[in-house]
Protein chains: 2
Amino acid sequence: MTEAELKDAGLKVTLPRLKVLQVLDNADPHHLSAEDVYRELVNADVTVGLATVYRVLTQFEQAGIVTRHNFDDGHSVFELATEEHHDHMVDLDSGKVIEFVNEAIEQLQHEIAEQHGYELVNHELVLFVRKAK
Amino acid sequence: MTEAELKDAGLKVTLPRLKVLQVLDNADPHHLSAEDVYRELVNADVTVGLATVYRVLTQFEQAGIVTRHNFDDGHSVFELATEEHHDHMVDLDSGKVIEFVNEAIEQLQHEIAEQHGYELVNHELVLFVRKAK
DNA sequence: ATTGCAAATGCGAATCAATCTCATTTAAGA
DNA sequence: TCTTAAATGAGATTGATTCGCATTTGCAAT
């Protein structure tokens, strides 16, 4: 339950935070930019500042509630961390983002880290693709 | 030879371009931000505008002379496109960047793209790691 | 319930990387 | 050497994100 998530993270339960969570939860393309979230809120007649959206998303990231991805075009997108892990494929022509999971790759990543004396904490994999002819 | 590279790319051989190539060539940590390159040039008494550095790096990227990476929250870094493709591993504690290659992962990426009806144009893989205990 | 106060918010200003404008310079072919 | 399109430098501009600060609000202790 969302209120509990906030309290566990040591964050006060406020309207902006609940609303941001709600927007992320209902997001159809899982990935939303801060601006996207902001627009949704304004659209739903929730008056919040863009700065607050950024602050809240950053706090959520630190609290492990959302994950941040830095795609190519220079701006971040966020998604609920409750989704199971997946990587991304970006269609260079349409900009569409496809999610995928590949256990073999996940496995290999751990092995590579180990081979270098490290343990894998996290990773970021994005495939840039184009419709096959 | 560097001059030939520029001509092949249909770019005029100019001082700024040669100097940027030179800086990238001598870069100890392979990865430099545009700002890094700019600072090196100013340091070497080569007067060149930051805008030019950005323009040149972008042209080089399009010409396949350098590769651009977007890791490390926010800004791009560039490195000479060596014959060897490689991915990156970032030590979260020291910030050190390690390069690695794994053919199996490369192969899997192509397969994944194909499975979705795409062809792989490019990819970005960064492992965030920490010294194993 | 009421209160006190630190935490949270809104909004405009500030920042930072990157891009654009445009007047001036320069490479390189004729 | 001349000509011209391409390239450059410097500053203005954009776009995403963060900051500063006065105001508001959650919530723990009255």
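Naming: A, B, ... by sequence-line order, numbering from 1 per chain. Quick note: numbers below take in every heavy atom, side chains included, and nothing from hydrogens, waters or symmetry partners. Here the structure is a predicted model, which is why all the values come from computation and not from measurement.
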| query | Hey, does the side chain of R130(A) reach the backbone of L120(B) with a donor-acceptor pair shorter than 3.5 angstrom? | reply | no
| field | is_close_aromatic(H69(A), H30(A)), centroid dist under 6.0 Å | value | no
| Protein-nucleotide distance (K19(A), atom NZ; dG10(C), atom C1'), rounded to Å | 18 Å
| L80(A) and L18(A): same hydrophobic cluster, using ILVMFWY side-chain contacts below 4.5 Å? | yes
| remark: Nearest heavy-atom approach of A27(A) to L32(A) is CB-CD1, 3.7 Å
| task | Step through it carefully: locate the ring centre of H110(B), locate the ring centre of H123(B), and say whether they are under 6.0 Å apart. | result | no
| request: Do nucleotides 24-30 of chain D as a string where each nucleotide becomes B, S or -: B if the base has a protein heavy atom under 4.0 Å, S if just the sugar-phosphate does, - if no protein is that close. | output: --BS---
| query | Closest approach of V53(B) and A34(B), non-hydrogen atoms and distance? | reply | CG1-O, 3.6 Å
| message | I need the CG-C1' distance between D36(B) and dA17(C), as an integer number of Å. | response | 13 Å
| field | Rounded distance (Å) that lies between atom C1' of dT14(D) and atom NE2 of H75(A) | value | 15 Å
| Roughly, in whole Å, what's the span from CG in L18(B) to P in dA7(D)? | 13 Å
| Contact list for DNA chain C against residues 43-68 of chain B - heavy-atom distance below 4.0 Å | A51(B), Y54(B), R55(B)
| task | Please state how far atom CZ in R39(A) lies from atom P in dG15(D), giving the value in whole angstrom units. | result | 13 Å
| message | To check you understand the geometry: which heavy-atom pair defines the closest contact between S76(A) and R68(A), and what is its length? | response | OG-NH1, 3.5 Å
| said: Between I98(A) and L127(A), is there shared hydrophobic-cluster membership here, with clusters defined by ILVMFWY side-chain heavy atoms closer than 4.5 Å? | reply: yes
